[in-house]
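Taking it in order: structure first as structure tokens, then the write-up.
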2 protein chains.
Amino acid sequence: MSTAPLIGSVIIGQSGGPSAVINASAYGVIKTALDDPNITKVYGARHGIKGVLADQLMIMDEEDPAELERLLYTPSSALGSCRYKIADPDVDDTDYKRILEIFQKYNVRYFFYNGGNDSMDTCNKISKYMKRVGYDCRVMGVPKTIDNDLAGTDHCPGFASAAKYIATSFMEVSRDCHVYDTGVITIVECMGRHAGWLTAAAALAGLAGDGPDLIYLPERDFDMDAFIADVKRIYAQKKNCIVAVSEGVHYADGTFVSEAKVSGTDGFGHAQLGGLAARLADVVKAATGAKVRPIELSLLQRCAAHCASGTDIAEAFMAGKTAVEAALAGETDKMVGFHCTRDENGYKCEPKLFDLSLVANTEQKVPLSWINEAGNGVTQDFIDYCLPLIQGETGMVKENGLPRFVQLKMVFAE
Amino acid sequence: MSTAPLIGSVIIGQSGGPSAVINASAYGVIKTALDDPNITKVYGARHGIKGVLADQLMIMDEEDPAELERLLYTPSSALGSCRYKIADPDVDDTDYKRILEIFQKYNVRYFFYNGGNDSMDTCNKISKYMKRVGYDCRVMGVPKTIDNDLAGTDHCPGFASAAKYIATSFMEVSRDCHVYDTGVITIVECMGRHAGWLTAAAALAGLAGDGPDLIYLPERDFDMDAFIADVKRIYAQKKNCIVAVSEGVHYADGTFVSEAKVSGTDGFGHAQLGGLAARLADVVKAATGAKVRPIELSLLQRCAAHCASGTDIAEAFMAGKTAVEAALAGETDKMVGFHCTRDENGYKCEPKLFDLSLVANTEQKVPLSWINEAGNGVTQDFIDYCLPLIQGETGMVKENGLPRFVQLKMVFAE
């Protein structure tokens with residue numbers, strides 16, 4: 001396998017749910033590629049792999065460099081995203097043939113895909129197919145997921161900014177919820193269907209004394225009776241109780257609490273609307289008679305660029321940059337991840353390459369040893385892991401008192 | 001009436017729902033009072049007027065000045081708040097006698113109450129009572145309300161920071177909602193039971209092209225059929241639709257949409273849980289078949305100090321400072337408000353005193369002429385009014401990547 005740079009063009013695509021820093025990774029790819037003499041053109045696929053299939057490629061060389069830099073501070077996927085699951089090439093190779101056709105048409109020699117689990121799977125399949133048909137193209141995954149559930153890497157770009165927003169919001173909500181002496185129970189629902197990293201991040205608010213009293217992650221089976229007992233105990237002690245709960249908490253049989261058939265406990269007896277927080281609020285209200293307020297952080301937590309972590313932005317950029325540099329040096333079929341150390345010398349994060357086949361379709365969860373015995377909180381290990389990631393602030397420029405996000409010209413090829 | 005300063009102590013209390021800058025106003029009172037030689041002691045009432053009645057007064061002189069300064073950047077009511085409606089003294093003067101007793105005990109010659117409509121009413125009643133019984137005490141209202149519904153003043157401290165957070169969040173959510181090409185309708189519920197100021201603030205996001213498509217305020221009767229038609233039309237055009245709606249929208253008969261008995265439209269036929277956004281999302285889903293996501297900004301919008309407006313912080317402080325200076329100069333029974341000009345010379349805001357009796361218990365709503373004819377958007381007049389208010393950023397210091405909020409010693413008198 002040659003390690004010399006290939007002469008040709010780049011396609012970068014974004015896929016899956018957005019984050020506050022996915023564009024910082026895209027910028028890492030785009031800027032590094034634009035600056036390299038071996039790369040003839042840099043294309044952005046509109047809506048991820050769907051844009052490749054539809055021949056909708058935006059010419060990044062046509063964009064104003066100063067405007068492109070705003071990608072660092074713009075949330076969501078500026079190129080557009082998709083949730084397109086590519087077929088197994090042995091079953092149906094239609095998409096792959098089309099991708100090859102586009103790669104040949106534009107002399108694409110580098111393909112970067114910026115996304116989560118499914119995107120790494122797409123990357124892996126495309127890489128394998130190109131090898132099999134003998135088309136020389138280097139394929140690299142650039143990780144992104146607020147869920148922090150990609151295997152191998154210490155953490156994923158996007159997680160830290162969401163974590164910082166969640167911790168900040170818990171501090172603020174906690175201050176708000178303690179303002180009266182009349183008592184209130186607050187239940188805050190965080191994202192994370194299978195992994196509890198984001199919900200655990202609420203614990204960071206506790207460093208300043210403004211954290212949740214109880215934290216429930218999907219890594220442990222949810223027990224409604226134990227939950228109610230926990231809340232009752234805290235509320236009796238403090239006349240106040242703040243709960244962080246993952247949207248993905250489930251009973252021992254695997255049923256999501258948010259979707260479970262309703263038992264007598266909730267006092268209604270029919271299927272309920274609204275999210276998990278609203279459902280738990282009803283249960284707690286019925287059980288305690290207290291004032292209960294459900295809060296769902298919803299999309300806000302994954303796109304809050306105004307509260308992004310400076311460390312996350314820098315690392316997201318580094319992931320994109322490293323992907324291009326590694327591909328130019330001959331690497332392919334890899335995902336850029338992070339190897340980190342946290343010791344007396346502080347926190348250090350280095351890029352590290354992982355085989356795509358090892359990363360695709362596996363999920364990294366919060367270690368059970370980082371959850372307390374009662375299953376209603378996290379240990380210092382989690383704090384030590386997470387705290388360095390949320391350091392530093394965004395360099396976002398504001399105009400009119402509001403974020404100035406990137407405005408791409410979107411000049412399409414052909 | 002003497003205009004010479006009275007020699008004696010100050011009580012400052014906070015009341016009603018918190019805001020991101022209510023503590024900046026309290027700091028304006030506390031700092032100005034601490035610095036004045038006529039004032040012998042500065043007390044903070046724990047949980048507003050309830051703290052006066054319960055003789056729970058915190059000695060502000062005992063706090064570290066540098067720590068007190070953090071009040072500028074700490075959301076919620078640091079002294080504690082209450083929702084205590086004081087009786088009409090002609091009906092029941094028990095509370096007033098007790099307040100007089102406390103005022104005499106601590107030689108309180110200045111009383112500042114930091115809150116919204118009800119708090120101004122409390123202020124007004126206490127002031128009148130003290131005059132009637134001949135106890136020389138100057139009583140001033142310091143306004144606070146994210147709802148922006150206090151009469152007389154150009155705007156209220158607290159509104160602008162919530163407006164800035166709402167506009168910022170709309171920009172971010174809008175980027176998130178436009179990421180796929182598969183279509184989605186997003187319904188975002190903002191606070192404001194009777195006045196639509198906060199919901200209207202979503203329109204500011206439109207300055208950058210990331211605003212809501214439709215805006216519904218409680219100043220206009222809500223028509224469900226027109227709403228559905230609006231959403232359908234926008235969605236057909238753009239395959240995307242973002243709606244800002246006030247929690248207080250109501251039908252022509254006055255019934256809140258969030259509480260109305262369910263018609264056939266919603267496809268369920270039973271009383272629903274969750275807020276207005278969830279309810280409207282169900283209606284829209286049934287009517288369009290599209291993917292619909294409800295988002296409730298909830299408490300987040302009123303306590304987001306990390307996204308506070310620098311202008312709001314400065315004006316909130318000025319309101320508190322002016323209250324003390326005016327009281328020292330002999331004023332009483334007034335609320336500090338703002339007189340503002342917006343012209344070719346820019347925005348200028350000056351403090352102005354309003355009679356408490358004119359302010360208490362009236363509501364300032366969004367002028368109907370600032371709402372478009374279709375009742376689904378606001379005019380440029382609103383933008384021109386609101387935009388200057390959200391300028392500038394918080395000076396909040398962070399520690400560990402998170403806000404460093406005030407930590408009061410809370411040394412109680414006696």
Side-chain angles (χ1 to χ4, degrees), chain A residues 18 47 50 74-77 80-83 164 167-169 171-173 175-182 186 204-205 207-210 268 270 272-275 278-279 282 293 295-300 302-307 309 387 390-393 398-405 407, chain B residues 18 47 50 74-77 80-83 164 167-169 171-173 175-182 186 204-205 207-210 268 270 272-275 278-279 282 293 295-300 302-307 309 387 390-393 398-405 407:
Chain A
H47 298 297
K50 283 169 83 172
T74 300
S76 177
S77 313
S81 185
C82 65
R83 290 194 185 277
K164 186 180 179 101
T168 302
S169 296
M171 288 182 68
E172 293 173 338
V173 164
R175 290 275 168 156
D176 194 298
C177 293
H178 281 89
V179 86
Y180 299 119
D181 60 357
T182 43
T186 310
L204 298 174
L207 291 171
D210 294 315
F268 285 91
H270 53 64
Q272 286 171 37
L273 309 169
R279 164 172 288 227
D282 287 319
R293 190 190 283 267
I295 298 178
E296 194 182 334
L297 294 182
S298 189
L299 293 189
L300 301 162
R302 80 174 182 194
C303 60
H306 74 276
C307 189
S309 150
L387 193 58
I390 66 159
Q391 301 305 305
E393 308 302 313
K398 297 211 175 179
E399 275 180 15
N400 279 322
L402 294 172
R404 169 64 169 82
F405 293 147
Q407 298 286 356
Chain B
H47 299 297
K50 285 169 83 172
T74 300
S76 177
S77 312
S81 185
C82 65
R83 289 194 184 279
K164 186 180 179 101
T168 301
S169 296
M171 288 182 68
E172 293 174 338
V173 164
R175 289 276 167 155
D176 193 298
C177 293
H178 281 89
V179 87
Y180 300 119
D181 59 358
T182 44
T186 310
L204 298 174
L207 291 171
D210 294 314
F268 285 90
H270 51 64
Q272 287 172 34
L273 309 169
R279 165 171 287 226
D282 287 319
R293 190 189 282 267
I295 298 178
E296 194 182 333
L297 295 181
S298 189
L299 292 189
L300 300 163
R302 81 174 181 194
C303 59
H306 74 276
C307 189
S309 149
L387 192 58
I390 67 159
Q391 302 305 307
E393 307 303 314
K398 296 209 176 180
E399 276 179 15
N400 279 323
L402 295 172
R404 169 63 169 82
F405 292 148
Q407 298 285 357

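Being a predicted model, the structure only gives us computed values, none of them experimental. Throughout, a chain's letter reflects where its sequence line sits, starting with A, and its residues are numbered from 1.
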Heavy-atom cut-off 4.5 Å, strictly under: side chain, backbone, both or neither for A:Thr74 against chain B?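 Looking at A:Thr74, just its side chain touches chain B.
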
Tell me, for A:Glu399 versus chain B, whether the close heavy atoms (under 4.5 Å) come from the side chain, the backbone, both or neither.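 Looking at A:Glu399, nothing touches chain B.
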
In terms of heavy-atom pairs under 4.5 Å with chain A, which of [options] leads?
options: B:Cys307, B:Ser76, B:Ser169; answer: B:Ser76
options: B:Val173, B:Asp181, B:Asp210; answer: B:Asp181
options: B:Ala208, B:Gly209, B:Ala304, B:Ala205; answer: B:Ala304

Please state whether the side chain, the backbone, both or neither of [X] comes within less than 4.5 Å of a heavy atom of chain A.
X: B:His47; value: side chain
X: B:Ser309; value: neither
X: B:Arg293; value: side chain
X: B:Ser298; value: side chain

Side chains of [X] and [Y]: does their closest heavy-atom pair fall under 4.5 Å?
X: A:Lys164; Y: A:Glu393; result: yes
X: B:Thr186; Y: B:Asp176; result: no
X: A:Ser77; Y: A:Pro18; result: yes

Under 3.5 Å: donor-acceptor pair, side chain of A:Gln391, backbone of B:Asn400: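 Side chain of A:Gln391 to backbone of B:Asn400, a donor-acceptor pair under 3.5 Å: yes, one is there.
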
Exam field: side chain A:Glu172 to backbone B:His306, donor-acceptor pair closer than 3.5 Å: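 Judged by distance alone, yes, a pair lies under 3.5 Å.
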
If you tally heavy-atom pairs under 4.5 Å against chain B, which of A:Leu300, A:Thr182, A:Leu299, A:Ile295 wins?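 Looking at each option in turn, the highest pair count goes to A:Leu299.
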
Of the non-hydrogen atoms in A:Ala305 and A:Phe405, which two are nearest, and what is the gap between them?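 For A:Ala305 versus A:Phe405, the nearest heavy atoms are CB-CE2, 4.4 Å.
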
Heavy-atom closest contact (B:Pro75 atom, A:Arg175 atom, distance):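 That would be O-CB, 4.1 Å.
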
